Amino acid sequence: MAVSRLGLRSKIIIAAVAVLACLAALASYLYVRYVDVVRFSAEHGRITVDAAPVSTLGTVLVTNKGFALYMFAPDAARRVTCTGGCATSWPPLLVDAGQSVASGPGVRPGLLGTAPNPGGGRVVTYHGWPPYTYLGDTAPGHAAGQGVDDEGGYWWVMRPSGQIVGN
């Protein structure tokens, strides 16, 4: 009797481990698919900041692929403070060597610039703020990161005028 009960427990434990392994594999696959979304690209050697309607927020700054750009309150319009793991979830708009920054329709060219990236290279700035994309935005036109308190501060989208939405 005790041997059959032990065998049943072993089978239940093995089945539970197998189910957990399958769930972990599925989660890994979905994460890779989720992160694999291309949020911006350089076209003709330029990183372009555009303006477009996003969700219910109105017209805000977006990448050339239509993904919302966020400002991180701790940056205080001075420097990049989202680094390491933070920059994994909130990738900054990077400018590679030899690339320039351009403004799309409705974006003020005089507010565009670049700043040093603590991780190396340079990042785009707008009105002094380094803009970031958000991995939670899985499609253009979404702003799942708007007003989120994450990584030690709040994240906000910005209008082409330089006004932070929701601040």
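Both backbone and side-chain heavy atoms feed into the values below; hydrogens, waters and symmetry mates do not. What you see is a predicted model; the values in this text were computed from it and never measured.
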From Leu57 atom CG to Met158 atom CE, the distance as rounded to the nearest 0.5 Å | 13.5 Å

Taking every non-hydrogen atom, the tightest pair across Val62 and Ala52 | CG2-CB, 3.9 Å

So which of Val123, Thr125, Thr63 actually passes side-chain contact (heavy atoms from CB on, under 4.5 Å) with Leu93?
-> Thr63

Step-by-step side chain to side chain contact (heavy atoms under 4.5 Å, CB included) determination, Leu112 to Ser103 = CA-CA 7 Å; Leu112 274 173; Ser103 60; 3.5 Å; yes

Heavy-atom closest pair, residues Val124 and Pro131 = O-CD, 2.9 Å

Among Val165, Asp137, Val54, side-chain contact (heavy atoms from CB on, under 4.5 Å) partner for Gln146 | Val165

Is it true that a side-chain atom of Tyr126 and a backbone atom of Arg108 form a donor plus acceptor pair closer than 3.5 Å?
-> yes

May I ask you to check whether over 12 heavy atoms, not counting those of Tyr154, lie within 6.0 Å of atom OH?
-> no

Side chains of Val60 and Leu69 in contact at under 4.5 Å (non-hydrogen atoms) = no

Report yes if the side chains of Asp50 and Pro105 come closer than 4.5 Å at any heavy-atom pair, otherwise no.
-> yes

What are the two closest heavy atoms between Phe67 and Thr138, and how far apart are they?
-> CE2-C, 4.0 Å

Which atom of Gly113 lies closest to which atom of Val101, heavy atoms considered | O-CG2, 4.3 Å

Close side-chain approach of Arg122 and Pro116, heavy atoms under 4.5 Å = yes

If you round to the nearest 0.5 Å, how far is CE of Met71 from NE2 of His127?
-> 10.5 Å

So, Tyr134 side chain and Ala68 main chain: donor-acceptor pair closer than 3.5 Å or not?
-> no

Sequence neighbours left out, what passes side-chain hydrogen bond (donor to acceptor under 3.5 Å, both in side chains) with Asp75? Give chain and number order.
-> Thr81, Tyr132

Atom of Ser100, atom of Arg46 and distance for their closest heavy-atom approach | OG-CG, 3.1 Å

Heavy-atom closest pair, residues Thr59 and Pro160 | O-CD, 3.6 Å

is_close_aromatic(Trp90, Phe72), centroid dist under 6.0 Å | no

Residues 65-139 vs disulfide (SG to SG under 2.5 Å), sequence neighbours excluded, gives Cys82-Cys86

Just how far is it from atom CG of Leu94 to atom CD1 of Ile47, taken to the nearest 0.5 Å?
-> 8.0 Å

Rounded to the nearest 0.5 angstrom, the CD-OG1 distance for Glu43 and Thr48 is 6.0 Å

